[in-house]
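Notes follow the structure.
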Number of protein chains: 2
Amino acid sequence: MKTNTTIKNLPAEQRRAVTVEAVIELAAEKNPASITTAEIAERMQLTQGALFRHFPNKDALWQSVMEWLAAQLLGRIDRVIATTGSPLEALELMFAAHIDFVAKHPGAPRMMFAELQRPDPTAAKAIAQTMLRHYSDRVGKLLAKGMGEGIIDPDLDVAAASVMFIGMVQGLVMQSMIAGDIAVMLGNAKPLFALYARGIKQRNHER
Amino acid sequence: MKTNTTIKNLPAEQRRAVTVEAVIELAAEKNPASITTAEIAERMQLTQGALFRHFPNKDALWQSVMEWLAAQLLGRIDRVIATTGSPLEALELMFAAHIDFVAKHPGAPRMMFAELQRPDPTAAKAIAQTMLRHYSDRVGKLLAKGMGEGIIDPDLDVAAASVMFIGMVQGLVMQSMIAGDIAVMLGNAKPLFALYARGIKQRNHER
DNA sequence: GAAGATAGTAATTGATTACAATCTTTTATG
DNA sequence: CATAAAAGATTGTAATCAATTACTATCTTC
C-alpha cells in the first residue's frame with residue numbers, strides 16, 4: 001500500500017511527513033535552493049498558504065527535511081552494518097545501502113550539497129554538517145577495525161579513505177546528473193567499490 | 001600588474017570578463033542558483049541595469065561563466081598532461097592541477113554542480129555536460145594508455161576509475177564545505193591520490 | 001573640439017517570492 | 001446532531017527578482 005499523497009485534511013503529523021516527501025521529490029528535479037513554497041504546495045495538491053499552518057516558516061520546513069534525511073540515511077546504514085562482523089563487508093553493504101537510498105531519493109544528496117553551500121549558519125545546515133560527520137565517523141571506525149584485524153593496509157590514510165568513500169557517492173551522483181539517468185548509479189556501484197577495496201586492502205605477501 | 005576590477009567605463013570585453021570573475025567569486029560564498037544580478041553588480045561597483053548592457057539576459061551571462069570555467073580547467077589540464085609521458089604521473093599532475101584550480105576558484109565546482117541540476121536544457125548546462133565528458137575522456141585515455149604499458153591493472157574498470165577520479169575532487173570539495181575551509185583540500189590531495197594510484201596500479205608479482 | 005559611439009545611472013516595470021489575515025469546509029467528540 | 005477544533009481555501013502584502021526605460025557621462029576619432 002502506497003502512502004497517499006493526494007488526500008486532503010490529513011492530521012498535522014502526516015501532513016508534515018507528506019510535505020517533507022514532496023520537497024525531496026522536487027529536489028530530485030531541480031536545484032533545492034530554488035524550490036518555492038508554491039511548488040511544494042502544488043505537488044501536494046494543496047494551496048500555498050496551507051503549508052504555513054504546519055510549518056512556522058520555510059526554514060523550519062527545510063530543517064524537517066534535513067532531519068528526515070539524516071535519520072533515514074544513518075538509520076539504514078547502521079542497520080546494515082550491524083548484520084556483519086567483517087569491516088570490509090560492512091563497508092560494502094554501507095556503500096550499497098547509501099547508493100540504494102540515493103537512487104530512491106535523488107533529491108537527498110542535492111539537498112545536502114545545497115545546504116552546505118549556504119553562507120549563513122542555519123539549523124538545516126548544522127544538521128547536514130553533523131550528519132556528514134557521523135557518516136565519516138562510521139567509515140573511519142570500520143577502517144580502523146579492519147586495520148586492527150589485518151584485513152586493511154595498516155599504512156592507510158584513514159582520513160583520505162573516508163573522503164574517497166563519500167567522494168564515490170558524489171561521483172556517482174554527478175555521473176547520473178550528466179547522463180540524466182539515475183539508474184546509471186546502480187550499475188556502476190559494484191565495480192566502483194571493488195576499485196575502492198583494492199586500494200585499501202592489506203596486500204597478501206605470502207603468495 | 002593586477003586587473004583593476006573597480007574602474008568604470010571599461011571596454012565591453014573587459015567588463016564581460018570582470019563580470020564572469022565576479023560571478024565565480026560570489027559562487028564561492030553562496031549557492032550559485034541564488035546569486036542575483038543586483039549582487040553581481042554590487043560586487044563590481046556597478047548598477048544592476050548596467051549588466052544588461054553587456055549580456056542580453058542572465059542566462060547569457062551564465063553561459064559565459066561556464067565557457068570560462070571549461071576553457072580554464074581543460075586548458076590547465078591539457079598543459080600539464082603534455083609535460084610527461086607517464087600516464088600515472090600525468091593523472092597525478094592532472095589531479096593536482098584540478099585541485100589547485102578549485103582551491104583558487106571554489107565557486108567553480110559549485111557552478112558546475114548547480115548547472116547540472118537544472119531541469120531545463122539551457123546553454124550553460126550543455127557546456128557543463130560536454131566539459132565533464134571531455135574531462136572523463138582525458139582520464140579514460142590516460143588509464144587506457146597505462147594499461148597498454150603494463151603500469152595499470154589490465155582488469156581495471158575504466159568507467160569506474162573515471163567516476164572515482166571525479167568523485168575524489170567532489171569529495172574534497174564537500175569536505176572543505178563541511179570544514180568551511182578551502183585549505184583542507186590541498187592537504188588531503190596527495191594521500192588521496194596515493195590511495196587512488198594504489199587501487200589502479202598493476203600488481204608486481206615477481207617480488 | 002565637435003560628433004558619434006560606448007558605458008553607466010537611476011527609476012521603474014511586471015512577475016514572483018515568503019508569509020499573513022480572514023473566511024470556509026471537514027473531522028472528531030459528546 | 002450539535003459544536004468546537006483542526007485543516008484548507010481565498011485573498012492580500014511587502015519585498016525582491018530580472019529586465020527595460022530615458023537619460024547622462026565618458027571615451028574615441030577625425
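Here is the naming used below: chain letters follow the sequence lines, and residue numbers restart at 1 for every chain. Hydrogens, waters and symmetry mates play no part in the numbers below; they use all other heavy atoms, side chains included.
For D:dT10, neither phosphate oxygen OP1 nor OP2 lies less than 4.0 angstrom from any side-chain nitrogen or oxygen of A:Thr47. Side-chain nitrogen and oxygen atoms of A:Arg15 include at least one within less than 4.0 Å of the OP1 or OP2 phosphate oxygen of D:dG8. Residue A:His54 has a polar side-chain atom (N or O) positioned under 4.0 Å from OP1 or OP2 of D:dG8.
Along DNA chain D, the nucleotide closest to A:Gly49 and the one closest to B:Pro56 are compared, and the more 5′ of them pairs with A:Gly49.
Listed candidates were C:dT17, D:dA18, C:dA7. Nearest to the side chain of B:Pro11 is C:dA7. In this structure, of D:dA22, D:dA19, C:dC19, it is D:dA19 that holds the atom nearest to the side chain of B:Asn57.
Across all strands, A:Ile40 comes closer than 4.0 Å to no nucleic acid atom at all (heavy-atom distances). B:Leu46 comes within contact range of the sugar-phosphate backbone alone, with a heavy-atom separation under 4.0 Å but no base atom that close.
Distance CE (A:Met44) to P (D:dA9): 10 Å, rounded to an integer number of Å. Atom-to-atom, CZ of A:Arg53 to P of D:dT11 comes out at 16 Å; the value is rounded to the nearest Å. Rounded to a whole Å, the CZ atom of A:Arg16 is 12 Å from the P atom of D:dA6. Atom P of nucleotide C:dT17 and atom CH2 of A:Trp62 are separated by 12 Å, given to the nearest angstrom.
Two residues are said to be in side-chain contact when any heavy atoms from C-beta on lie closer than 4.5 Å; B:Pro87 and B:Ile151 meet this criterion.
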